[in-house]
Each structure stands twice: as structure tokens, then as C-alpha cells.
Amino acid sequence: MFYYSRYPSSTMLKIYFPDVKFNRCITSQLIKWFSNFREFYYIQMEKFARAALADGVTSAEELTVTRDSELFRALNVHYNKANDFQVPGRFLEVAELTLREFFCAVAAAKDVDPSWKKAIYKVICKLDSEVPESFRSPSCLWEITHL
DNA sequence: CCCCGCCCTG
DNA sequence: CAGGGCGGGG
């Protein structure tokens, strides 16, 4: 689901996990999961952006994210270990955009500001896509794929 | 107050 | 990932 939405609202989460009886703890736990997902995501982005800069890349346009990219593999082993489903192309676009945002920010030395990532977060949070209907209820999806 | 996102830590 | 703390927003 993270491949579609990096910032799902609590109501979204409840919609896509109908087989879960939510309470304060369960809800905040799921919220926490996505927060952790985002942290890993952004950390990878910053790491690869700085690496590109160190490697002499001068333009953000030189940076791309494909299914063959090291960055993509790093993310995929983290979110999609079993590699059991096709990552949407839109995610690659968002990832590439994020990578370039970090690259430009670091290249412009904006990272001197302690809160320089805030501006990037504000951009990325607007790039969420709609989650496919088939993602509702993991248990049902499991039945479909295993029967 | 509660909810939510981020930071930091383990 | 989970916990705890912090800050912003409703």
C-alpha cells in the first residue's frame, strides 16, 4: 500500500483493513508503521542523492529511478521482500522526484538548515495515488491468490 | 485534550 | 519496527 500512498489518513487505513477492529492503539500503530516506512524511504533518498553528488552528478535530470536501480532494489527488499506483486509505475516517478528533490536541496546546500527536509516532505505528501480496490482486506486478497 | 507526523533511540 | 517525547493543528 505504501507504493501507492505514503501518507494514508487514518480513515483510509480503516477502509483498507475492514477485517480489523480498530481502537486507539491499533490505529496509532498503523500510523506509526507508515511513519517508519517514510523514514526508511527518505533516508534512502538522501543517501543516494548524496552519493550521486559525490560521484560528480551535476544535474538532477541525470538521476532516474527504474526497476533496475539500486535505490529501487533497496526499497523493494524492505517493503516487498517476497517480490510478490508488481510495483506501480507511478511509484517510480514519485521516487525519482523525491531523489531529485533531495539532490537539488543538498546541491544548493539547503541542508545547513536543520529543518531543510520539511520543504521536501510538503512536496511528496501531495503525490499520493489512489490505492487499488483489490487491496481491501488482506485476508480476502490472500484467499484469492492462494485458492 | 486528541490526533498526527517527525525525531531519536534501541 | 516500537517507544517516548515534541511540536503543530483541530
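Each chain gets a letter, A, B and so on, in the order its sequence line appears, and its residues count up from 1.
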Q: Quick one: sort the Phe34(A) and Phe37(A) rings into parallel, tilted or perpendicular, breaks at 30° and 60°.
A: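 The rings of Phe34(A) and Phe37(A) stand perpendicular, inter-plane angle above 60°.
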Q: Looking at the side chain of Arg24(A), which of dC1(C), dC4(B), dC3(B) is the nearest nucleotide?
A: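 Taking heavy atoms from C-beta onward, the closest nucleotide is dC3(B).
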Q: How close do Tyr41(A) and Ala95(A) get, heavy atom to heavy atom, and via which atoms?
A: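 That closest heavy-atom pairing would be OH-CA, 3.4 Å.
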Q: Base, sugar-phosphate, or nothing for Ser10(A), non-hydrogen atoms under 4.0 angstrom?
A: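 The answer is sugar-phosphate, as Ser10(A) gets under 4.0 Å only of primed atoms, P, OP1 or OP2.
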Q: Please state how far atom NZ in Lys32(A) lies from atom P in dA2(C), giving the value in whole angstrom units.
A: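 In whole Å, dA2(C) P lies 9 Å from Lys32(A) NZ.
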Q: What orientation do Tyr42(A) and Tyr121(A) show, parallel under 30°, tilted 30 to 60°, or perpendicular over 60°?
A: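 Tilted, since the angle between the ring planes falls between 30° and 60°.
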Q: Please give, in whole Å, the distance from dC7(B) C1' to Glu46(A) CD?
A: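 Answer to the nearest Å: 13 Å.
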Q: Quickly work out the Phe37(A) CZ to dC6(B) P distance and round it to whole Å.
A: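 Whole-Å distance recorded here is 14 Å.
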Q: To the nearest Å, give me how far apart CG (Leu30(A)) and P (dC3(B)) are.
A: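 It is 15 Å, rounded to the nearest whole Å.
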Q: If you compare every side-chain N and O of Tyr41(A) against the phosphate oxygens of dC6(B) (OP1, OP2), does one of them come in below 4.0 Å?
A: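 No, Tyr41(A) has no side-chain N/O under 4.0 Å of OP1/OP2 on dC6(B).
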Q: Determine whether Leu92(A) and Phe85(A) fall in the same hydrophobic cluster, where Ile, Leu, Val, Met, Phe, Trp and Tyr are linked whenever their side-chain heavy atoms lie under 4.5 Å apart.
A: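 Same cluster.
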Q: Got a sec? Which of residues 107-124 of chain A come in under 4.0 Å of DNA chain B, heavy atoms?
A: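 Those residues are Lys118(A), Tyr121(A).
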Q: Other residues, nucleotides and ligands only: do more than 12 of their heavy atoms fall within 6.0 Å of CE on Met1(A)?
A: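 Above 12, so yes.
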Q: Please tell me which of the listed nucleotides, dC4(B), dC1(C), dC6(B), lies nearest to the side chain of Ser35(A)?
A: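 Of the candidates, dC6(B) comes closest.
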Q: Please state how far atom CD in Gln29(A) lies from atom C1' in dG5(B), giving the value in whole angstrom units.
A: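 Between C1' of dG5(B) and CD of Gln29(A): 16 Å.
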Q: Select base, sugar-phosphate, or nothing to describe what Phe34(A) touches, counting heavy atoms under 4.0 Å on all strands.
A: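 It contacts nothing in the nucleic acid.
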Q: Would you kindly give the CZ-to-P distance between Arg6(A) and dC6(B), to the nearest whole Å?
A: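 Atom CZ in Arg6(A) sits about 13 Å away from atom P in dC6(B).
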Q: Does atom CD (Glu130(A)) have a neighbourhood of more than 12 heavy atoms from anything else shown, all under 6.0 Å?
A: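 No - once you tally the heavy atoms of other residues, nucleotides and ligands closer than 6.0 Å, there are 12 at most.
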Q: Take the protein atom CD of Glu39(A) and the nucleotide atom P of dG5(B), then report the distance between them rounded to whole Å.
A: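 My rounded result for the distance is 12 Å.
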Q: Using a strict 4.0 Å threshold on nitrogen-to-oxygen distance, state whether Glu70(A) and Arg73(A) make a salt bridge.
A: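 No.
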Q: CZ of Arg38(A) versus C1' of dC7(B): gap in Å, rounded?
A: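 To the nearest whole Å, that distance equals 13 Å.
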